[in-house]
Amino acid sequence: MLTAAILLGFNILTFAIYGLDKTAARAGGRRVPEKVLLGLGLLGGWPGAFFAQRLWRHKTQKLPFQFLFWLTILINCVVLWLLLRLLES
């Protein structure tokens with residue numbers, strides 16, 4: 001349960017950071033580096049990032065970013081699959 005709560009909190013944080021970046025993009029302010037956004041997704045915040053992208057239409061047209069974003073999701077799925085396989089044995 002603690003792991004789920006931490007993961008939920010991290011996804012809420014990721015969602016909020018995407019929102020802050022979208023606000024900065026509109027205002028011409030200081031942006032969150034793409035490496036940070038992708039890193040948050042890689043560390044497990046990809047569901048929050050996914051919903052933020054859809055809600056604010058943020059980073060959805062940048063194909064290089066989208067490629068890397070979906071790669072982080074794939075990596076997360078593979079790691080989860082491997083962990084589940086280890087727990088089965």
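This one's a predicted model, so the numbers in the text were calculated from it and none came from an experiment.
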A.B. asks: Linking I/L/V/M/F/W/Y whenever any side-chain heavy atoms sit under 4.5 Å apart, do F67 and V36 land together?
C.D. replies: yes

A.B. asks: Shared ILVMFWY cluster between W46 and W70, side chains joined below 4.5 angstrom?
C.D. replies: yes

A.B. asks: Using atom types as modelled, flag every donor-acceptor pair under 3.5 Å from a side chain in residues 17-28 to any protein atom, sequence neighbours excluded.
C.D. replies:
from : atom 1 : to  : atom 2 : distance (Å)
D21  : OD1    : R31 : NE     : 2.9
D21  : OD1    : V32 : N      : 2.8
D21  : OD2    : R31 : NH2    : 3.1
D21  : OD2    : H58 : NE2    : 2.6
T23  : OG1    : G19 : O      : 3.0

A.B. asks: To the nearest 0.5 Å, how far apart are CZ in F15 and CZ in F50?
C.D. replies: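 Here the interatomic distance stands at 12.0 Å.
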
A.B. asks: Looking at every non-hydrogen atom in both residues, tell me the closest pair between N11 and P47 and how far apart they are.
C.D. replies: OD1-CD, 3.0 Å

A.B. asks: Nearest 0.5 Å, please: how far is CG in L7 from CD1 in I12?
C.D. replies: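 Here the rounded value is 10.0 Å.
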
A.B. asks: Could you pull out all donor-acceptor pairs under 3.5 Å where a side-chain atom in residues 72-80 meets a protein atom, sequence neighbours excluded?
C.D. replies:
from : atom 1 : to  : atom 2 : distance (Å)
T72  : OG1    : F69 : O      : 2.5
N76  : ND2    : G41 : O      : 3.3
N76  : ND2    : L42 : O      : 3.3
N76  : ND2    : T72 : O      : 2.8

A.B. asks: Please walk me through it: do L40 and F10 pass side-chain contact (heavy atoms from CB on, under 4.5 Å)?
C.D. replies: CA-CA 8 Å; L40 291 168; F10 190 69; 3.6 Å; yes

A.B. asks: To the nearest 0.5 angstrom, please state how far the CG atom of L38 sits from the CG atom of L71.
C.D. replies: 9.5 Å

A.B. asks: Shared ILVMFWY cluster between L13 and F51, side chains joined below 4.5 angstrom?
C.D. replies: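 Yes, one cluster joins them.
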
A.B. asks: Enumerate the residue pairs fulfilling side-chain hydrogen bond (donor to acceptor under 3.5 Å, both in side chains) with a member in residues 78-89, sequence neighbours excluded, ordered by first and then second residue.
C.D. replies: none

A.B. asks: Is it the case that the side chains of Q53 and Q66 hold a donor-acceptor pair, with the cut-off being a distance below 3.5 Å and no angle test?
C.D. replies: yes

A.B. asks: As an exercise, state the distance from CG of L68 to CD of E34, rounded to the nearest 0.5 Å.
C.D. replies: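 Rounded to the nearest 0.5 Å, the CG-CD separation comes out at 8.5 Å.
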
